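Down below is the structure, laid out as structure tokens.
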Amino acid sequence: MANENGKLRVAAIGDLHVQETDVAPYREMFAEIGSLADVLVLCGDLTNFGKTPEAEILADDIKSCSIPVLGVLGNHDYECGQPEEVARILHEAGMTILDEQAVEIEGVGFAGVKGFMGGYGRGELAPFGEPIAKAFVDEAMNEARKLENGLRSLRTERSVAVLHYSPTVETLAGEPGEIFQYLGSQRLADAIDRFDHVKAVVHGHAHHGTYEGRTPGGTPVFNVAQFVLKPLLGKPYAILEV
Ligand SMILES: [Fe+2]
Ligand SMILES: [Fe+2]
């Protein structure tokens, strides 16, 4: 499946935000991607509100995709309080939801989690004081731990980390600085930077952010929110060679 230079062509898109009124919103694009890439990665906010009909509409489009589809949920997929149901519907359509489980495709590993907020560097919220503040930070630490476990389970020389929230401020440039702390967590980058095999990180969530950046450890990060890609690449998805 991999192309002439032995690289895997990874198509990535985040923030699909499928709505109940949509009719086969991604069918044509998934068919196009099937002819250009070896695997399709979806970086969360797959549905607009996490409603069952929204997931079913996307599931129908996923069924028509000719290459493996994998990815993570986003915060929008949690809005109706039934992320397990959204995940189940997409899984039954053939999508691999990464979360606890990492996968290997053609020698390239994929590990991913939704991630969470909490900020970066000096602005990182610490688990201190009120129980609710600790619970909030716990969520971010948990997501980072799951990502680290997934990455550690891979035995590949090359891997891709798949997220919804951003591991770095670099791909947030363009968003108001006041909300950076709600767009991701440096704890995700800390997990990624423990491994040499991570060749690329893809995330969404920051609709007004920047396409390319790096983790503090130097791992390339790509914000593939479709609203970032469309004006930049003329299409709502990116293709990375890994
Ligand atoms: Fe989004
Ligand atoms: Fe989001």
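Order of appearance sets the numbers: ligands from 1, and atoms from 1 within every ligand. Owing to the predicted nature of the structure, the values given are computational and were not obtained by experimental measurement.
The N, O or S atom of D45 lying closest to the Fe ion (ligand 1) is OD2.
Relative ring orientation between Y26 and F30 is described as parallel, the plane-to-plane angle staying below 30° on a 0-90° scale split at 30° and 60°. Relative ring orientation between H17 and H76 is described as perpendicular, the plane-to-plane angle rising above 60° on a 0-90° scale split at 30° and 60°.
For the pairing with K51, the salt bridge (Lys or Arg N to Asp or Glu O under 4.0 Å) check across E79, E56, E85, E20 returns one residue only, E20.
With salt bridges taken as basic N to acidic carboxylate O contacts below 4.0 Å, one links E143 and K146.
H205 contributes ND1 and N75 contributes OD1; the angle these two atoms make at the Fe ion (ligand 2) is 100°, rounded to 10°.
Not one N, O or S atom of D15 sits under 2.8 Å from the Fe ion (ligand 2). The Fe ion (ligand 1) has no N, O or S atom of H76 closer than 2.8 Å. The Fe ion (ligand 2) has no N, O or S atom of Y165 closer than 2.8 Å. Note on H207: counted as a metal contact of the Fe ion (ligand 1), an N/O/S atom lying under 2.8 Å.
Figure legend: K230 and Y237 shown without cation-pi pairing, the cationic atom not lying both under 6.0 angstrom from the six-membered ring centre and within 45 degrees of its axis.
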